[in-house]
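Below you'll find the structure, written out as structure tokens, and then a few comments.
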Amino acid sequence: MNSNEVRKIFINFFKQLDHKIIPSSSLIPADPTVLFTSAGMQQFIPYLSGETIPPYPRACSYQKCFRTSDIDKVGDEFHHTFFEMLGNWSFGDYFKEKAIKWSLDLLVGKYGLKKDKIWVTVFKGNNDIKKDTESIEIWMRNGIPRERILEFGMEDNFWGPVSTTGPCGPCSEIYYDRGEKFRTKKCDLSNCGPGCHCGRFVEIWNLVFMEYKKNVDETFSKLPAKNVDTGAGLERLTAVLESKESDYETDLFLPLIKKISELSGKSYENNKKPFRIIADHIRASCFLIADGIFPSKEDRGYILRRLLRRVIRFGKTIDMPKNFLIPLSQIVINQYSFLYPELKHKENDILTIVQNEEEKFEKTLLLGLKKFNKIAKETINKNKKNIDPEYVFHLYDTYGFPFELTKELAKERGLNVDEKSFREKFKKHQEISRAGVEKKFGGHNIYAIKDEKAKIKATKLHTATHLLQAALRQILGNHIQQAGSDINPERLRFDFTHPKKLTKEEIEKVENLVNQKIKEDLPIKVEEMSYENAIKSGALAFFKERYPKIVKVYTIGNFSKEICAGPHVKRTGEIGKFKILKEKSAGAGIRRIKATIIE
Ligand code: SER
């Protein structure tokens, strides 16, 4: 049964049981405190938490997910960064009885799995939340004998919340016993069963009974309704149904695996780890770019850059030819666009970005590798085991080596790197560069301008910068993020994430929109609030992790909302006429606009 059938059967099964089919949400979640969408339930949090009345009582979906926590595990049989999650939900409608019964109906009745190979786990209880005896009884009533129902604690059988607070609950995981021949790793046979990592038992579905809410003080309270949230990884389920040793041998990955083999002239069988890492990461990168993420030094962009750099580095270990990211990306786009059309829409962006990153990384990698070899030699000669953190940071800062890359290279030579010292250096560096940026460009330097006329003009340009960002987002899309800003009394300079040159029409539209907002003479309101509330209210932030607890939020009519230190004019009408002087590249995936105002 191929993956398309697996997906289709799942969705149809729940559709016939009155579930509304909800399209996958973006990999960038609505909650700005969370980096990626990592579970199907994320888009339903307002319904699960009781914040919003659900418009339908039951839902099902196949959802794009991305989990950074598993990057280092990629290369084994079943782990991924990007994956698709199949799921069904009840928002205060059905609960354990139906969720459990239907899961077996689907697995055994539709997918044809053998019931006597199914094992399940349930929550064994703790001081806060009692043991899930109800689920044990339901599983037994549905024909799963007590000896195949195991009990585990919080770590394994309690799911959520996604952020620090929110809906969560005990869960019941379904495992499939694939038999001896799938045991690819040694294990303690006397203890082998669900949870053992030898490959014989595979977790295929997680049923979460969401009736709790975790609070800020880490206590649990009951949610207004009893909900169901389930998730089954499509890749894993397909591998089990196709009796494949790993997800990478299913039709979801075969086209990529074949292409990697064709390009490198190497066999998958002898190079499983690099093949799997390349396939996983290039697929994930395409999906991230399609959702508007660009490689950068921070946050999501940093993760994307790290993935692409790992693809290139592992590509080298199997002699992949130059420019291999493009043909691999094309496979992902062709294979998935019928379900995720954003890949086709963003085809140009994807191909341009992966190519740019490859070229850029090639250059720095060569220099960096030389440097690393020198450092490693020096460390070994000095009889040391740890690479000096100063060097690790230097490799990051000057040669673009992600920390993890240096760690991997060091490990290959039997050396260690100290992550804590690196992170400390990294933080310090950010503080210094932020202070520099503030001094040079930020609000404070406007306060410091002595000449009153120049100060007023810079303030106007500052407000115009906010209008410009909002206009860019409205016209080009919400992927636009500030990447830098510089204001002097003559002009503003604004750098932002966008993959290609703006057309003449786009520039005109942006300019006109800013001028229209100036004409509307919108009031500028300033409020003080916690950083968290500012983000929740939709305010844009630039140096996300470096803001103080209480921030100022500047709102311009209904058009723009940003966290900012000021100063700004009182009404947009004070600005004068806005004029874009220049639009050009400011690095891969970054554009720069210089503009001024005519008073
Ligand atoms: N939220 C649960 C999970 O991610 C079930 O979908 O496993």
Side-chain angles (χ1 to χ4, degrees), residues 6-7 10-11 13-14 19-27 29-31 34-49 54 58-70 73 78-96 98-100 102-103 106-107 120-123 129 132 135 152-176 194-195 201-214 220 223 225-237 240 247:
V6 178
R7 207 190 278 107
F10 188 96
I11 296 298
F13 179 82
F14 285 105
H19 288 63
K20 190 167 167 65
I21 306 169
I22 304 299
S24 172
S25 62
S26 162
L27 285 167
D31 178 352
V34 178
L35 215 49
F36 291 108
T37 298
S38 59
M41 54 76 78
Q42 253 154 281
Q43 63 168 324
F44 303 119
I45 289 177
Y47 309 153
L48 293 165
S49 65
R58 301 174 181 184
C60 66
S61 78
Y62 51 92
Q63 169 71 47
K64 302 184 277 189
C65 293
F66 186 89
R67 290 191 176 171
T68 43
S69 54
D70 289 337
K73 294 189 197 134
F78 300 116
H79 283 93
H80 306 284
T81 51
F82 171 89
F83 64 100
E84 287 176 84
M85 191 186 278
L86 305 166
N88 60 291
W89 287 270
S90 151
F91 309 119
D93 188 29
Y94 61 86
F95 202 44
K96 297 180 185 177
K98 283 201 167 86
I100 288 176
W102 286 342
S103 70
L106 177 58
L107 292 176
V120 298
T121 63
V122 297
F123 182 55
I129 291 163
D132 190 2
S135 290
F152 291 99
M154 278 308 246
E155 275 276 289
D156 302 287
N157 279 86
F158 194 90
W159 201 90
V162 174
S163 198
T164 42
T165 59
C168 51
C171 62
S172 204
E173 293 184 327
I174 305 175
Y175 282 78
Y176 200 62
F201 290 87
V202 181
E203 186 215 321
I204 49 173
W205 202 349
N206 186 14
L207 315 182
V208 188
F209 304 117
M210 284 200 163
E211 53 173 326
Y212 294 96
K213 176 181 166 227
K214 192 169 180 183
F220 293 93
L223 285 170
K226 292 181 173 182
N227 309 294
V228 172
D229 154 41
T230 87
L234 173 70
E235 289 75 2
R236 250 187 230 186
L237 188 55
V240 168
D247 297 356

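Because the structure is predicted, anything quoted here is derived from the model rather than measured. Worth knowing before you read on, the calculation uses all heavy atoms, side chains too, and leaves out hydrogens, waters and symmetry mates. Counting starts at 1 for both ligands and their atoms, in listed order.
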request  = Measure the acute angle between the ring planes of F95 and F209, then classify it against the limits of 30° and 60° as parallel, tilted or perpendicular.
outcome  = perpendicular

ask   = In terms of ring plane angle, is the pair Y212 and F220 parallel, tilted or perpendicular, where the classes change at 30° and 60°?
value = perpendicular

inquiry  = Please enumerate all residues that pass side chain to side chain donor-acceptor pair (under 3.5 Å) together with E235, with sequence neighbours excluded.
reply    = R283

query = Sequence neighbours excluded, which residues qualify as side chain to side chain donor-acceptor pair (under 3.5 Å) partners of K73?
reply = D70

First-shell residues of ligand 1 [heavy atom, distance under 4.0 Å] = A39, M41, R67, M85, W159, N206, V208, D229, T230, G231

key: Side chains of Q63 and S24 in contact at under 4.5 Å (non-hydrogen atoms)   = yes

note = Residues passing the ring pair (Phe, Tyr, Trp, His ring centres under 6.0 Å) test with Y94, sequence neighbours excluded, are H19, W102

